[in-house]
Amino acid sequence: QVQLVESGGGLVQAGGSLRLSCAASGRTSRRYAMGWFRQAPGKEREFVSAISWSGGSTYYADSVKGRFTISRDNAKNTVYLQMNSLKPEDTAVYYCAASGTIYYSSLAHEYDYWGQGTQVTVSS
């Protein structure tokens, strides 16, 4: 079992930045691909970004490419999402997820563990 806890969400003006963190605990000795997803009110959960266990491969949704950067520090069992040039449409609850069976993926059903989410609100 792996427990994931997100932090770093908040309220920011359009054009601003936030850095989300996702700390993993529990069975962290296994190699996990990590992903970030988000869900806005009334919408389905959507893929944001993913990173392989080594950090050597990253993947972004077109909507955030060039603005968001995913990274990880395996020594700290933590994954980060640096979000720059935020837009009101980035407003959502952001979730991190972990999978021990894939290299990385944009598909939510391929992830085994999920955090509780952190709210990001971007005002115009």
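Note that these values count all heavy atoms, side chains included, but never hydrogens, waters or copies made by symmetry. If you read the sequence from its start, that first residue is 1, and numbering goes on from there.
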Is the closest side-chain heavy-atom distance between [X] and [Y] below 4.5 Å?
X	Y	result
Cys22	Met34	yes
Ser49	Leu81	yes
Leu18	Val120	yes
Arg27	Gln1	no
Phe68	Leu86	yes

Does the pair Lys65/Asp62 count as a salt bridge with the N-to-O cut at 4.0 Å? yes

Are Trp53 and Tyr103 an aromatic pair, judged by ring center distance below 6.0 Å? no

Is the distance between the ring centroids of Phe47 and Phe37 under 6.0 Å? yes

ILVMFWY cluster, [X] and [Y] together (side-chain gap under 4.5 Å):
X	Y	answer
Tyr59	Ile102	yes
Met83	Val79	yes
Tyr111	Tyr80	no
Tyr95	Val48	no
Val2	Leu20	yes

For Tyr113, does the OH atom sit with more than 12 other heavy atoms under 6.0 Å from it, leaving out its own atoms? yes

Can any side-chain N or O of [X] pair as donor or acceptor with the backbone N or O of [Y] at less than 3.5 Å?
X	Y	answer
Glu6	Gln116	yes
Ser21	Ser7	no
Ser57	Ser52	no
Tyr60	Ile70	yes

Between Pro88 and Ser124 the two heavy atoms that sit nearest each other are CG-CB, 3.8 Å

Going from OG on Ser85 to CZ on Arg67, what distance comes out if it is rounded to the nearest 0.5 angstrom? 7.0 Å

In this structure, OG of Ser54 is separated from CZ of Arg72 (nearest 0.5 Å) by 8.0 Å

Does the side chain to side chain contact (heavy atoms under 4.5 Å, CB included) test come out yes or no for Asn84 and Gln82, once each step is laid out? CA-CA 7 Å; Asn84 299 328; Gln82 178 67 44; 2.9 Å; yes

Under the salt bridge (charged side-chain N to carboxylate O under 4.0 Å, His left out) definition, can you give me all pairs with a residue in residues 40-57, not counting sequence neighbours? Arg38-Glu46

Answer yes if the side chains of Thr78 and Asp73 hold a donor-acceptor pair under 3.5 Å, and no otherwise. no

Polar contact flag, side-chain donor to acceptor under 3.5 angstrom, Ser105-Glu110: yes

Are Asp112 and Thr101 close enough, and set up right, to give a side chain to side chain contact (heavy atoms under 4.5 Å, CB included), and what steps lead you there? CA-CA 9 Å; Asp112 307 303; Thr101 58; 4.2 Å; yes

Could you walk me through whether Thr121 and Gln119 satisfy the side chain to side chain donor-acceptor pair (under 3.5 Å) test, starting with their C-alpha distance in whole Å, then the side-chain angles of each, then the deciding distance to 0.1 Å, before giving a yes or no? CA-CA 6 Å; Thr121 303; Gln119 176 71 46; 3.3 Å; yes

